[in-house]
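Remember, it's 1-based here, ligands and their atoms both numbered in the order they're listed.
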Amino acid sequence: MERDVGNKREMRSFLMPRDPSIDRRFRPRPNKQLRLFDEAIPETSDSSTDCSDTESDYTKNGEEDGSSTDNSELETGPQVFLRLRPVESPSKLYGISDCGNVLITSAAVTENSSNNVNRMEKHYSFTNIFDSLVGQRDVYDKCVGPRISEEECVTIMAYGTSGSGKTYTLLGDNVRAGVIPRALENIFTMYNKQLYTTPKLKLINARMIILEDDATIKEMQIRRQLLALCPDMTAQHQRLQQIIRGDHEFEEKPAEEVSVMIWVSFVEIYNELVYDLLTVPPRQANMCEPRRKNLKIVCNQGQVFIKGLTSIFVKSSDEALKLLRLGQQRLTYASTAVNSNSSRSHCVFTVDVLKYHRSGMTTQNSYKFCDLAGSERVDKTGTIGSRLREAQSINTSLMVLGRCLDAANSLKKKNNTDVIPYRDSKLTMLLQAALLGKERLAMIVTVTPLDKYYEENLNVLSFASIAKNILFKQRLVKQHNTRYSAFVEYSQSAETRDKQYIEELEAQNISLRAENDRLIYDHVLKMQLQEEKLRKELTDTFQETIQSNLKQCEERHEKKIQMLNREFEAKIASLKRKYEEQIEDLNDEIDELKSANSDVEIIDEE
Ligand SMILES: Nc1ncnc2c1ncn2[C@@H]1O[C@H](COP(=O)(O)OP(=O)(O)OP(=O)(O)O)[C@@H](O)[C@H]1O
């Protein structure tokens, strides 16, 4: 019997078990059900209806039913893809319908089922389902490639339980490149002939600004500084590039009179705080660990931006990948019960493609790659301490994301986007353009098809099915327009402009060097004069001091001489007196002797 849905909406939870999200009246009804892995293939033996198990087969099937049947939805709502992670012994509780787009969860009663609702058979429809045999190439070709070729703004979001392969899908590993390296290669190949090699245009606070020469030089310096910090992975990137080029044939756009400048930024939302992952560390600090500063998300006249976020100008996919790896090193990872290297935060890597058209108009495409932290059952995994706090904040933001999608889903008939609670978490604030339908939203839902994750997977699938049902009424494609006539002459080719700019910079460099030499010469001269003046001042001061000391000495000596003179005079006077007395005594004696002598003579005569 059909269940009466009624008008009253239930309060949905995106982390705990809930009623099936798909309105059973409209759910797809496959002719037959296929078991995902194994022997449980239904009796009909028509191999053409089987789920593909090689990349090439898959592409063929996908082109036939997946993308082609979904074209109408491409115009209106998010695309939701399901990716099943390869596991050793996959659960038999999941099956894919023969049309390839519907996941059927078994009606089997599992010991994990906490309520009756989860014991029902459920059908979840997707834009495409990638089973465990589908490789990275096909995931890219279905989910992201077309968006980039069409030059649309798109948010690609990986959502799933912890350890289900979100990071693997977005980044991949050293051999199996994920969506981001492929997208970068695609973008740089596409605009190869239009790339402008100096940062003249920049998005500052969501506005396209033409940079002055000094600002351009500053941007180049920041870029150089940050790239110097990146681990050297050139050989690895070249290998990856070869693999990607072997997998895809990206088309180059003709060199129209458009100049393209590409910028990347990378943010992390950890415990509801927004951190810049591409900050340039101050020179004196430890170069590997810049201080983390919490940034603000600002919404101004419908434009969302992160105030003060570093955006780096990149000239090649290799540079962009290097910056991505640098940001990744700064991300918060931890070991959890289900993933030894689990992302403990949501992170968003943004590639902004800024274009300057000959008409003077500037346009912008943004590609946001969002790796959501895995939802987690904290009660089951026994998470404690800081891991618990992280898990709670991850779960809260994912819940808000679910509420936003739910609200967007219920807006099909109305057109009032105000009721979408995107302001309730940093993640939804940042992704509001996609959640409000202004930009394309592609969601890659990852699932680990194991019995033990059955309940968690049902929640993830319910979440995904809501997103799949959304119909946006907003106008798509974001374009910033600015008129600017003073930009470089557009009748010239990009190469000539670059050459001219380099020549200008070289001339500027020469004149700056000359100015520098002149300043050094002036400085040396000034120093010499100063030295001379100082020397003279010192000599004068010394001479004065010597003179005064000399004078003091002379005075002292004069006084001493006078004193000695006086002493000598006194001594001489006393000696004179003494000797005069002696002379007097001797004269008296002579007189006495004379008189005695005269007496003797008289006696003789007699
Ligand atoms: N499709 C796949 N093919 C091969 N390996 C995969 C696939 N999906 C996931 N893996 C492997 O599973 C492990 C966990 O994947 P990953 O780190 O991407 O999970 P996650 O969803 O990002 O987890 P978390 O949310 O905890 O960060 C990795 O070792 C990854 O290589």
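The shortest N or O to N or O distance between Gly165 and ligand 1 is under 3.5 Å. Considering both main-chain and side-chain atoms, Thr446 never comes within under 3.5 Å of ligand 1 through any nitrogen or oxygen pair. Among the atoms of Ser162, some N or O lies under 3.5 angstrom from an N or O of ligand 1. Geometrically, ligand 1 and Asp371 share no nitrogen or oxygen pair separated by less than 3.5 Å.
Atom 21 (O) of ligand 1 has its nearest heavy-atom neighbour, among Arg83, Lys166, Arg85, in Lys166.
Asn186 and Tyr140 form a side-chain donor-acceptor contact under 3.5 Å, judged by distance and modelled atom types alone. Thr161 and Glu456 share no donor-acceptor pair across their side chains, judged by distance under 3.5 Å alone.
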>> Could you walk me through whether His248 and Arg137 satisfy the side chain to side chain contact (heavy atoms under 4.5 Å, CB included) test, starting with their C-alpha distance in whole Å, then the side-chain angles of each, then the deciding distance to 0.1 Å, before giving a yes or no?
In response: CA-CA 8 Å; His248 311 269; Arg137 181 192 72 184; 3.6 Å; yes
>> Run Val447 and Tyr453 through side chain to side chain contact (heavy atoms under 4.5 Å, CB included) and show every step you take.
In response: CA-CA 9 Å; Val447 157; Tyr453 297 125; over 6 Å; no
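Here CD of Gln136 is found 6.0 Å from OG1 of Thr169. Values are rounded to the nearest 0.5 Å.
For Pro86, the heavy-atom gap to ligand 1 drops under 4.0 angstrom. Using a 4.0 Å heavy-atom cutoff, Thr161 is listed among the residues neighbouring ligand 1.
Using a 4.5 Å heavy-atom threshold, the side chains of Leu323 and Cys230 count as touching.
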